[in-house]
Amino acid sequence: MALALAAGVGIAGVALGVSMAVPAYQRWASQPRKPSSSSWGGGSAAKKNYPGLFDAQMTRKEAALILGVRQSASRDEISTRWKKLMALNHPDNGGSTFIASKVNEARDFLLSGKQDPF
């Protein structure tokens with residue numbers, strides 16, 4: 001008797017949960033979709049995809065765009081973004097060697113403090 005009562009209460013609980021979850025899912029599914037974040041890491045500075053077509057020589061602006069940070073970003077911000085991007089784009093994880101080299105070049109350029117070549 002107790003087992004039947006427990007089973008009935010369990011089934012009623014599941015039914016109640018499903019009856020609440022289905023309308024919530026339908027409301028969520030009907031909402032407009034936000035564009036997905038870019039493969040460059042999705043940070044606030046990288047909401048727009050980097051257009052590519054790299055310059056012949058790295059500039060501070062290009063390096064900041066690649067890493068998705070401000071040109072005046074701190075060493076910690078640069079390192080954090082570099083780690084995230086390398087985790088996503090490392091060749092050992094199926095990423096592009098070219099992209100990884102550009103991410104490394106951007107980090108090195110920003111951390112070196114070099115000025116733009118003229």
Side-chain angles (χ1 to χ4, degrees):
M1 180 73 171
L3 182 59
L5 180 63
V9 169
I11 291 172
V14 169
L16 179 64
V18 168
S19 70
M20 294 173 78
V22 168
Y25 172 76
Q26 289 172 340
R27 282 192 308 273
W28 174 80
S30 67
Q31 293 177 350
R33 301 272 183 241
K34 292 181 182 178
S36 63
S37 62
S38 72
S39 64
W40 290 90
S44 61
K47 291 211 186 234
K48 298 179 198 164
N49 288 339
Y50 183 69
L53 302 175
F54 298 105
D55 295 333
Q57 280 201 313
M58 183 72 63
T59 63
R60 290 192 70 76
K61 181 179 179 183
E62 182 181 38
L65 281 171
I66 289 170
L67 292 178
V69 297
R70 293 184 312 271
Q71 291 182 34
S72 61
S74 69
R75 296 181 80 78
D76 288 341
E77 289 175 309
I78 293 167
S79 295
T80 301
R81 293 294 299 155
W82 174 79
K83 286 177 186 176
K84 287 181 183 178
L85 290 172
M86 285 307 290
L88 292 170
N89 296 298
H90 197 279
D92 291 346
N93 296 333
S96 165
T97 305
F98 179 72
I99 299 278
S101 68
K102 284 298 185 177
V103 170
N104 283 329
E105 184 181 355
R107 180 210 45 190
D108 294 342
F109 188 89
L110 289 176
L111 290 180
S112 72
K114 291 181 188 174
Q115 296 300 316
D116 290 340
F118 294 105

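Sequential numbering from 1 along the given sequence is applied to the chain's residues.
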Heavy-atom nearest pair, Asn89 first then Ala100, reads O-CB, 3.8 Å
Give me the atom names and distance for the closest heavy-atom approach of Ser30 to Arg27. OG-O, 2.9 Å
Would you find a donor on one side and an acceptor on the other, under 3.5 Å apart, between the side chain of Ser112 and the backbone of Phe109? yes
Mind checking what makes side chain to side chain donor-acceptor pair (under 3.5 Å) contact with Asp108, not counting sequence neighbours? none
Nearest-0.5 Å distance, OG of residue Ser96 to CG of residue Leu88: 13.0 Å
State the OG1-CD distance between Thr59 and Gln71, to the nearest 0.5 angstrom. 7.5 Å
Which heavy atom of Val103 sits nearest to which heavy atom of Met86, and what is that distance? CG1-SD, 3.8 Å
Nearest heavy-atom approach of Val69 to Arg81 is CG1-CG, 3.2 Å
Contacts table for residues 4-12: side-chain donor-acceptor under 3.5 angstrom, sequence neighbours left out:
none

What pairs with Ser72 under side-chain contact (heavy atoms from CB on, under 4.5 Å), at least two apart in sequence or on another chain? Arg70
Gap separating the CG atom of Leu67 from the CD atom of Glu105, nearest 0.5 angstrom: 11.0 Å
Where is the tightest heavy-atom contact between Ser79 and Leu111, given as atom of each residue plus distance? OG-CD1, 4.5 Å
With distance as the sole test, does Arg107 use its side chain to make a donor-acceptor pair with the main-chain N or O of Ile78 at under 3.5 Å? no
Closest non-hydrogen atom pair between Met58 and Ala106, with its separation: CE-N, 3.9 Å
Given side-chain contact (heavy atoms from CB on, under 4.5 Å), test Leu16 with Ser19 step by step and report yes or no. CA-CA 5 Å; Leu16 179 64; Ser19 70; 4.0 Å; yes
